[in-house]
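Basis for what follows: all heavy atoms, side chains included, without hydrogens, waters or symmetry-related copies. Order of the sequence lines sets the chain letters (A, B, ...), proteins ahead of strands, with each chain counted from 1. As the structure is a computational prediction, the values presented were derived from the model and not from experiment.
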Amino acid sequence: MEEEYETQNPRKKLRLTKEQSRVLEESFRQNHSLNPKQKEGLAEQLKLKPRQVEVWFQNRRARSKLKQTELECEYLKKWFGSLSEQNRRLKKEVEELRGMNVRPPNISQQQPAATLTMCPRCERVATTFLDKGPATTTSTTPTKIIQPSAAC
DNA sequence: CTAGTCAACCTGTGCT
DNA sequence: AGCACAGGTTGACTAG
């Protein structure tokens, strides 16, 4: 019970020393979760209770995930911006071509300008552009250009 | 275990 | 300098 806890153990905040933080960070860098043996070992090494080590890792995972989400959000915003810009340019180009009375290729035979793929290296969303190459070529095999995500 | 939250503690800033 | 306040950080907790 929280109230019982409050009366018997007023929440005094422990601050980890720089060395304790360093060791925990290093351990987290190697592995984001702990087995019971590692937990005991770290607790003993750092003169902490196993529960404190466990809670530290829980918090660290949560904050790491939050940071990652923020980074991805930033990346997607930038991506959206560049796609909007690309869309604007293409629309302008279509208008210009219409003005010249040039018929665009049959839309049903066209590949999409860009598709979404997952970067196999970092498992993040990446943009895949399909480029059919120079207009003079007879090759029908499109050249695939993959742009891995920014953090990859 | 994660997600959400609380609360102690820290740090930067503006005012006197 | 030193005080108050706001906002950020982080250890600890609960609910699901």
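- Residues A:His32 and A:Arg60 form no side-chain contact, since every pair of their non-hydrogen atoms from C-beta on lies 4.5 Å or further apart.
- Of the options A:Lys91, A:Lys92, A:Arg98, a side-chain contact (heavy atoms from CB on, under 4.5 Å) to A:Glu95 is made by A:Arg98 and by none of the others.
- Here the C1' atom of nucleotide C:dG11 and the CG atom of A:Leu24 are 12 Å apart, to the nearest Å.
- Remark: A:Ser82 pairs with A:Trp79 by the side-chain contact (heavy atoms from CB on, under 4.5 Å) rule, at least two apart or across chains.
- A salt bridge between A:Glu26 and A:Arg29 is present, with a side-chain N of the basic residue lying under 4.0 Å from a carboxylate O of the acidic one.
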### Task
I would like to know whether A:Glu70 and A:Lys67 meet salt bridge (Lys or Arg N to Asp or Glu O under 4.0 Å); could you show each step before the answer?
CA-CA 5 Å; A:Glu70 282 170 5; A:Lys67 187 112 189 172; 5.6 Å; no

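- Looking at residues two or more places apart in sequence or on another chain, you find a side-chain contact (heavy atoms from CB on, under 4.5 Å) between A:Glu85 and A:Arg88, A:Arg89.
- Tracing side-chain contacts under 4.5 Å through hydrophobic residues (I, L, V, M, F, W, Y), one reaches A:Leu34 starting from A:Leu16; they form part of the same cluster.
- Within residues 48-61 of chain A, the residues having any heavy atom closer than 4.0 Å to DNA chain B are, in order of number, A:Glu54, A:Gln58, A:Arg61.
- Only A:Leu14, A:Arg15, A:Leu16, listed by number, bring a heavy atom of residues 14-21 of chain A to less than 4.0 angstrom from any atom of DNA chain C.
- Spacing between atom CG of A:Leu42 and atom P of C:dG11 amounts to 14 Å, rounded to whole angstrom units.
- Rounded to whole Å, the distance from CG on A:Asn31 to C1' on B:dC1 is 15 Å.
- Residues A:Ser33 and A:Asn31 have side chains in contact (heavy-atom distance under 4.5 Å, counting atoms from C-beta outward).
- Note on A:Phe28: it clusters hydrophobically with A:Leu14, by side-chain heavy-atom contacts below 4.5 Å among ILVMFWY residues.
- Within residues 32-41 of chain A, no residue has any heavy atom under 4.0 Å from DNA chain C.
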With a cut-off of 3.5 Å and sequence neighbours excluded, list every side-chain donor-acceptor pair involving residues 40-54 of chain A.
from, atom 1, to, atom 2, distance (Å)
A:Arg51, NH1, A:Glu54, OE2, 3.3
A:Gln52, OE1, A:Lys49, N, 2.9
A:Glu54, OE1, A:Lys39, NZ, 2.9

